[in-house]
Amino acid sequence: MSISRALFTIDFVSFFIVSFLTTNSVLFSIFSSFFLVISLFAFRVYENIEVKNDHFLRIIVAYFFGIAIILIFNLPFNFHISKFFFISSFLMSITLLPIIHFVLYKFALVKTPVKKYLVIGRKEEFYDILKEIEEKSKGKIKFVDFINPSPAVLKEKVKTADRVLVCDLELEEYVKDDLEILSNTYKVEYLPNLVEKVLKRIPIKVVEKFEEYYKISFRNVSESPAKRLLDIFGSIFGLILFSPFMLIAAVAILIEDGRPVVFKQERVGKNERLFEFIKLRSLKNTKIDKNSPNKDIEKRVLKIGKIIRKTRIDESLQFLLVLKGKMSLVGPRPEMIEYHEIMKVNIPFYLYRLLLKPGLTGWAQLNYKHSSTLEEYKIKTEYDLYYIKNRNIFLDLQIIFQTLEAIFWKRGAR
């Protein structure tokens with residue numbers, strides 16, 4: 001069990017015990033514990049343990065957010081909630097939880113063995129990616145040597161490692177028979193699996209090296225009925241929740257800068273189909289440089305625009321597009337035509353990101369900054385490719401939950 005899952009389980013049990021002791025209701029205890037740990041997960045409490053102050057702040061924010069959700073969902077059920085539940089669960093959140101998290105994290109860090117890999121591939125070709133993996137793993141993954149292999153060299157150098165990582169399929173052919181024998185003693189892994197597991201993105205360089213594997217993987221990508229159901233219910237809920245805020249924002253835009261209140265623009269959707277993208281206008285109604293639409297964008301933001309952009313209220317109008325099936329709650333963000341034309345000829349495999357509907361929020365938006373250069377768009381595309389290949393209903397829910405954290409912490413790209 002990973003450290004995150006262990007902490008998730010411990011927190012759920014802890015909240016359940018506190019809730020049951022103060023309310024004597026099994027049903028409410030399950031109900032409240034679920035929303036509290038989901039809130040902790042949404043605010044990435046389980047990903048930021050090593051930074052104590054940030055971790056503590058996230059727990060507090062997540063606790064109050066979880067309590068707010070509990071109170072809202074309690075309206076139709078009308079559970080009698082004791083004030084001792086609020087007091088005891090809060091005290092536990094600010095004292096016991098941070099201690100348990102930090103101690104278990106440090107224990108896992110010490111006790112988790114270092115994985116030592118012998119790499120079949122050229123060091124100069126993969127060094128930057130493998131170095132990033134080492135850093136992300138907190139030193140629990142080490143690449144002890146690189147070989148441009150021959151059977152004799154492989155047998156000798158593998159003694160310094162406990163695993164073999166195949167980064168180059170052409171070089172693997174030279175030692176395939178020996179690798180088959182060594183696989184009884186040493187775990188043999190392939191770069192795509194390791195890089196996706198640790199980095200949570202698919203570097204373009206890796207796709208180029210394992211092109212046939214990724215061609216097959218992306219060929220099997222399709223929209224799922226479960227995703228569409230989530231889109232329908234989620235967009236209806238979003239429209240109901242955000243309607244008052246959209247109305248207030250629309251009036252404020254009208255007063256500050258006049259019409260139009262809604263910004264409309266053709267964007268590129270699934271399979272390069274164009275659709276009309278809408279959001280509440282947050283920028284002044286001035287001429288835009290078609291060659292550089294984002295030029296001086298911060299200077300053009302309305303006063304009300306600063307608020308609705310930070311809170312994402314400007315994007316909430318897109319729930320209508322999700323309900324109509326033009327967009328999804330989760331997916332790669334729909335790109336402007338001008339940028340799309342540049343990216344598709346300069347970024348290999350860029351079009352794979354259009355295999356699913358564009359999303360109101362997405363994996364790249366959560367994990368990478370706002371992009372303005374070609375190199376930044378390339379990295380952003382790598383996150384989109386990870387989502388497209390690994391999409392499932394649980395990843396969608398994770399992205400939806402953690403979008404809340406991105407709004408509170410003002411993190412991620414727009």
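These numbers come from a predicted model, not from an experiment.
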If you apply the rule side-chain hydrogen bond (donor to acceptor under 3.5 Å, both in side chains), what do you find for Ser32 with Ser19, and how did you get there? CA-CA 8 Å; Ser32 61; Ser19 180; 3.2 Å; yes

Run the numbers on Glu315 and Gln318 for side-chain hydrogen bond (donor to acceptor under 3.5 Å, both in side chains), then give the verdict.
-> CA-CA 6 Å; Glu315 306 280 353; Gln318 290 156 39; 2.4 Å; yes

Assess the residue pair Met92 and Leu97 against the criterion (side chain to side chain contact (heavy atoms under 4.5 Å, CB included)); give the C-alpha distance rounded to whole Å, side-chain angles, the decisive distance to 0.1 Å, and a yes or no.
CA-CA 6 Å; Met92 187 186 76; Leu97 253 59; 3.7 Å; yes

- Message: Determine whether Ile81 and Phe28 satisfy the following criterion, side chain to side chain contact (heavy atoms under 4.5 Å, CB included), listing intermediate values before the conclusion.
- Response: CA-CA 9 Å; Ile81 308 175; Phe28 176 76; 3.8 Å; yes

**Prompt:** Going through the distances and angles, do Tyr190 and Glu172 end up as a side-chain hydrogen bond (donor to acceptor under 3.5 Å, both in side chains)?
**Reply:** CA-CA 10 Å; Tyr190 289 82; Glu172 182 200 22; 2.5 Å; yes

_Derivation of the side chain to side chain contact (heavy atoms under 4.5 Å, CB included) call for Leu118 and Leu165_ = CA-CA 6 Å; Leu118 174 66; Leu165 182 68; over 6 Å; no

Q: Walk me through it: do Ile3 and Phe107 pass the test side chain to side chain contact (heavy atoms under 4.5 Å, CB included)?
A: CA-CA 10 Å; Ile3 180 68; Phe107 178 80; over 6 Å; no

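Under the 3.5 Å distance criterion, the side-chain polar atoms of Ser88 are left unmatched by any main-chain donor or acceptor of Val18. In terms of modelled atom types and a separation under 3.5 Å, the side chain of Lys227 and the main chain of Val330 share a donor-acceptor contact. A donor-acceptor pair under 3.5 Å links the side-chain atoms of Asn392 to the main chain of Phe394, judged by distance alone. At distances below 3.5 Å, at least one donor-acceptor pair connects side-chain atoms of Asp231 with backbone N or O atoms of Leu329. In this structure, the side chain of Ser316 engages the main chain of Ile313 through a donor-acceptor pair within 3.5 Å. Using modelled atom types, no side-chain atom of Ser282 and backbone atom of Gly305 make a donor-acceptor pair closer than 3.5 Å. Without hydrogens or angle criteria, Asn220 side chain to Ser217 main chain gives no donor-acceptor distance under 3.5 Å. A donor-acceptor contact shorter than 3.5 Å links the side chain of Lys357 to the backbone of Gly325. In this structure a side-chain-to-backbone donor-acceptor pair under 3.5 Å is missing from His55 to Pro98. Remark: side-chain polar atoms of Glu196 are not paired, donor with acceptor, to backbone N or O of Arg201 under 3.5 angstrom.
A salt bridge links Asp54 with Arg58: the distance from a Lys NZ or Arg NE/NH1/NH2 to an Asp or Glu carboxylate oxygen falls below 4.0 Å. The residues Lys369 and Glu376 are annotated as salt-bridged, a charged nitrogen and a carboxylate oxygen being separated by less than 4.0 angstrom. Between Glu276 and Arg267 there is no salt bridge, since no side-chain nitrogen of the basic residue lies less than 4.0 Å from a carboxylate oxygen of the acidic one. Salt bridge Lys140/Glu134: absent, no basic N to carboxylate O contact under 4.0 Å. Under 4.0 Å is where a charged nitrogen must lie from a carboxylate oxygen, and between Lys138 and Glu50 at least one such pair does. A salt bridge links Arg391 with Asp396: the distance from a Lys NZ or Arg NE/NH1/NH2 to an Asp or Glu carboxylate oxygen falls below 4.0 Å. Ion pairing of Glu189 with Lys197 is absent here, as no side-chain N (NZ or NE/NH1/NH2) approaches a carboxylate O to less than 4.0 Å. The pair Glu125-Lys205 fails the salt-bridge criterion, with no side-chain N (NZ, NE, NH1 or NH2) lying under 4.0 Å from an Asp/Glu carboxylate O.
Residues Tyr352 and Lys389 fail the side-chain proximity criterion, which asks for heavy atoms closer than 4.5 Å. Between Leu280 and Ile304, the closest side-chain pair of non-hydrogen atoms is not below 4.5 Å. Inter-residue side-chain proximity for Ile342 and Glu338 is flagged as unmet; no heavy-atom pair is nearer than 4.5 Å. Glu211 places a side-chain heavy atom less than 4.5 Å from the side chain of Phe349. Under the 4.5 Å side-chain criterion, counting only non-hydrogen atoms from C-beta, Leu40 is in contact with Asp11. Between Phe143 and Lys116 there is no side-chain heavy-atom pair separated by less than 4.5 Å. Looking only at side-chain heavy atoms (C-beta outward), Pro192 and Ile202 stay at 4.5 Å or farther from each other. Looking at Asp168 and Arg122, their side chains come closer than 4.5 Å, going by heavy atoms from C-beta outward.
Proximity of the aromatic rings of Tyr63 and Phe90 is defined here by a centroid distance below 6.0 angstrom, and this criterion is met. Aromatic ring centres of Phe65 and Phe43: separated by under 6.0 Å. Here Phe35 and Phe31 bring their ring centres to under 6.0 angstrom of each other. Here Tyr339 and Tyr377 bring their ring centres to under 6.0 angstrom of each other. When ring centroids are compared, Tyr350 and His340 come within the 6.0 Å threshold. Residues His101 and Tyr46 place their aromatic rings such that the two centres sit under 6.0 Å apart.
The 12-atom threshold is exceeded at NZ of Lys209, counting heavy atoms of other residues, nucleotides or ligands nearer than 6.0 Å. By the 6.0 Å contact criterion, CZ on Phe245 is open, its count of non-hydrogen atoms from other residues, nucleotides or ligands being 12 or less. With a 6.0 Å radius and a threshold of 12 heavy atoms from other residues, nucleotides or ligands, Asn53 has its CG atom at or below the threshold.
For the atom pair CD (Glu272) and CD1 (Ile337), the distance works out to 11.0 Å, reported to the nearest 0.5 Å. Between the CG atom in Asp145 and the CG atom in Leu154 there is a gap of 11.0 Å [rounded to 0.5 Å]. Of the inter-residue distances, the one linking Leu283 atom CG with Ile253 atom CD1 reads 10.0 Å to the nearest 0.5 angstrom. Atom CZ of Phe15 is separated from atom OG of Ser39 by 9.0 Å, given to the nearest 0.5 angstrom. To the nearest 0.5 Å, the span separating OG1 on Thr403 from CH2 on Trp363 amounts to 10.5 Å. The distance from the SG atom of Cys167 to the CG atom of Leu130 is 5.0 Å, given to the nearest 0.5 Å.
When Lys284, Arg281, Arg300 are each tested for a salt bridge (Lys or Arg N to Asp or Glu O under 4.0 Å) with Asp257, only one passes: Arg281.
Figure legend: cation-pi geometry between Lys52 and Phe102, with NZ or CZ positioned under 6.0 Å from the six-membered ring centre and within 45° of its axis.
Closest heavy-atom contact between Gly234 and Phe319: O-CE2, 4.0 Å. The shortest heavy-atom contact between Lys142 and Val114 is CG-CG1, 3.5 Å. Between Pro348 and Ile204, the shortest heavy-atom contact is O-CD1, 3.5 Å. Here the shortest heavy-atom pairing between Ile308 and Asp314 reads O-OD1, 3.0 Å. In terms of heavy-atom proximity, Tyr214 sits nearest to Val207 at CD1-CA, 3.7 Å.
Residues Gln365 and Arg333 bring no donor and acceptor atom of their side chains to less than 3.5 Å of each other.
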